[in-house]
Amino acid sequence: MRTKHKSSNQITGTSIKWSHVKCTAHDLTFGLSLCPSEFTYLDVVPSNSSGSLDVSVSVSVDVDLSSAIRRVDRRYLSVTVDASLAAEERFMYLLSSPKIRTLAKALTPAFLRFGGTRQDFMVFTPQGFHKDSGESNVSLPSWLEDKLKKEWTQQQLILMKEDLQRKYTRVKFTESTVDLLHSFTNCSGMDLIFGLNALLRTADNRWNSSNARSLLQYCESRRYRMSWELGNEPNSYEKKAGIRVDGEQLGRDFTHLRELMSESKLYRDAGLYGPDVGQPRDHRIDILKGFLKSGARVVNACTWHHYYVNGRDASLDDFLDPVVLDTLTVKTNKVLQEVNLVSPGKKVWLGETSSAYGGGAAGLSDTFVAGFMWLDKLGLGAALGLDVVMRQVFVGSGSYHLVDDNLDPLPDYWLSVLYKRLVGPEVLKIEAFSNFVQSKRVRLYLHCSNTKSYRRGAVTLISMNLSKKPARISVPALVSSSTVEAFVLQSDQPGERGLYSRSVKLNGEVLKMVDDKTLPDLKGSRLPPAKHLQLPAYSLAFFVFIEAQAAACQ
């Protein structure tokens with residue numbers, strides 16, 4: 001039978017401990033993973049599904065607070081605006097919405113990548129006019145915002161049809177698109193990366209740079225500080241446009257773009273990122289290898305894309321499957337290996353990433369359950385050595401966005417804001433040891449805390465429980481004397497039904513904007529020093545050890 005614990009910091013049922021304690025069980029066997037690594041996964045799986053008996057499971061976890069194992073870019077969590085927004089240029093005015101600008105500011109510092117499939121069908125068509133800075137910064141009137149949001153819902157259906165048929169039309173964009181993008185990033189504090197069209201080719205299949213030159217000249221005349229990319233997923237050019245570009249030619253195209261940038265006083269030292277190839281398999285590896293051979297020296301970081309599953313047939317189980325989550329390790333290590341062979345020390349970014357490709361998984365990628373893939377990718381990516389992770393998509397077509405069609409924040413948005421506020425760039429070592437069977441449904445990562453929110457020396461434990469059973473974390477002695485601030489995210493509905501919800505609770509309170517210009521207070525629950533922390537079923541949590549006094553975080 002279950003026993004009741006007197007301590008408010010203890011729970012009954014499944015438990016996970018960070019100390020050497022004897023394991024006991026009554027007619028139940030449990031499995032825990034052996035993970036001597038820079039990050040840890042833990043799980044408890046009862047052999048008896050009745051769950052009627054109290055159990056206690058021991059795990060030894062070693063944390064090293066003396067030094068960081070690596071440091072990610074301060075803009076590690078970054079976002080994208082999909083180029084589909086400019087398929088009809090009027091929709092770019094949604095970036096002038098007071099609400100969307102308020103939401104963007106809370107995600108800084110960050111890169112804002114403008115790109116995606118349709119960037120390779122966009123042609124700059126200047127009209128000889130531009131908006132002055134004052135005009136670009138004018139807020140979108142509410143009546144126009146409502147009109148555009150309604151029309152955007154219909155526009156997405158058109159875009160989805162094009163994606164399914166792989167028939168893309170050429171998109172002409174004017175100075176207005178660039179002005180609105182720059183105004184948006186300048187107002188929010190994000191750093192703009194603009195994706196150029198790589199499918200403008202010469203007769204001998206080299207990149208035709210004349211249109212890009214015109215765009216760069218306009219941007220320089222406006223003194224727009226920004227970085228650049230060239231092309232999106234070159235591995236799919238043949239399917240999308242009937243054009244094949246091999247990796248070495250792609251590298252030469254990037255070299256040409258760098259030469260073009262060097263002619264500009266403003267952009268000679270600007271960032272250039274690429275090749276934005278799909279995740280490594282089949283000929284994509286050949287494209288990456290060829291690109292690195294001829295173009296690695298001209299890019300500031302090597303970019304690739306990652307999605308876990310196909311959005312058209314993904315299931316709820318996929319979003320909670322540790323095996324699916326662990327595929328990121330294999331893919332990332334492969335890319336890092338290829339880059340380090342040719343260009344040791346070159347930064348590697350996830351230049352576009354989300355849960356499911358094909359625009360996301362409807363009814364999943366924009367719900368609470370998507371947070372497990374997103375938070376695990378942030379924790380695991382940093383531990384593996386990725387320097388920046390760009391979330392597809394802040395605004396754009398599909399179902400993996402951070403805001404809904406009404407521009408209201410979805411669960412992954414709130415998760416991202418908490419990550420920004422609580423997690424610093426320094427990655428700390430955390431190891432878990434057990435002699436039991438491997439399983440990975442409770443996943444933990446450790447960083448220094450964000451020094452803008454906490455004094456130096458604090459550490460943040462990133463935690464997630466993919467199981468339908470609660471877990472108990474026993475705090476190691478190094479930090480057990482520290483006061484803890486807990487930020488626990490759960491669905492607004494109980495059980496498995498809640499995984500489909502588009503609302504999220506922080507410490508029991510549903511999160512929503514106060515008004516179009518105000519976010520709610522995202523307050524943690526202050527806990528006294530204790531040996532145990534509670535991790536509810538199907539939850540995502542950040543535990544900040546305020547007085548950890550970690551040497552790595554001083």
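Residues: numbered from 1 along the sequence shown. None of these values were measured; they are calculated from a predicted model.
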Is the [X] to [Y] ring centre distance short of 6.0 Å?
X    : Y    : result
Y500 : F368 : no
W228 : Y267 : yes
F319 : F372 : no

Are the charged groups of R391 and D412 less than 4.0 angstrom apart, N to O?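 Salt bridge between R391 and D412, a charged N being under 4.0 Å from a carboxylate O: yes.
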I'd like to know if the side chain of [X] and the backbone of [Y] have a donor-acceptor N/O pair within less than 3.5 Å.
X    : Y    : result
S188 : F184 : yes
N450 : G424 : no
S78  : M390 : no
D492 : V510 : no
N507 : G524 : no
T102 : T518 : no
T332 : L328 : yes
T108 : A110 : no
E89  : T177 : yes
S354 : A356 : no

Which residue is it: Q154, K149, K147? I am looking for the one with a side chain to side chain donor-acceptor pair (under 3.5 Å) to E151.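 By the side chain to side chain donor-acceptor pair (under 3.5 Å) criterion, E151 pairs with just one of Q154, K149, K147: K147.
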Does [X] reach the side chain of [Y], with side-chain heavy atoms less than 4.5 Å apart?
X    : Y    : answer
L350 : W304 : yes
F394 : I100 : yes
I69  : L428 : no
T367 : L499 : no
C302 : W349 : no

Considering the options L444, L535, L422, which one meets the side-chain contact (heavy atoms from CB on, under 4.5 Å) requirement together with L461?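 It is L444, the one option of L444, L535, L422 that forms the side-chain contact (heavy atoms from CB on, under 4.5 Å) with L461.
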Would one find more than 12 heavy atoms of other residues, nucleotides or ligands at under 6.0 Å from atom CG of D515?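 Counting other residues, nucleotides and ligands, CG of D515 exceeds 12 neighbours.
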side-chain contact (heavy atoms from CB on, under 4.5 Å) between S96 and L180, worked out: CA-CA 7 Å; S96 296; L180 289 165; 3.6 Å; yes
Name of the residue among E220, E263, E259 meeting salt bridge (Lys or Arg N to Asp or Glu O under 4.0 Å) with R213: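 Exactly one pass, corresponding to E263.
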Taking it one step at a time, do V348 and D387 satisfy side-chain contact (heavy atoms from CB on, under 4.5 Å)? CA-CA 6 Å; V348 175; D387 199 50; over 6 Å; no
Locate the shortest heavy-atom distance separating A270 from M226; write the atom from each residue and the value.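 Closest pair (atom of A270, atom of M226, distance): CB-O, 3.6 Å.
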What is the distance from atom CG of L386 to atom CG of L336, rounded to the nearest 0.5 Å?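 Here the rounded value is 6.0 Å.
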Lys/Arg cation over aromatic F124: K172, 6.0 Å, 45° cone: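 Checked: cation-pi criterion not met.
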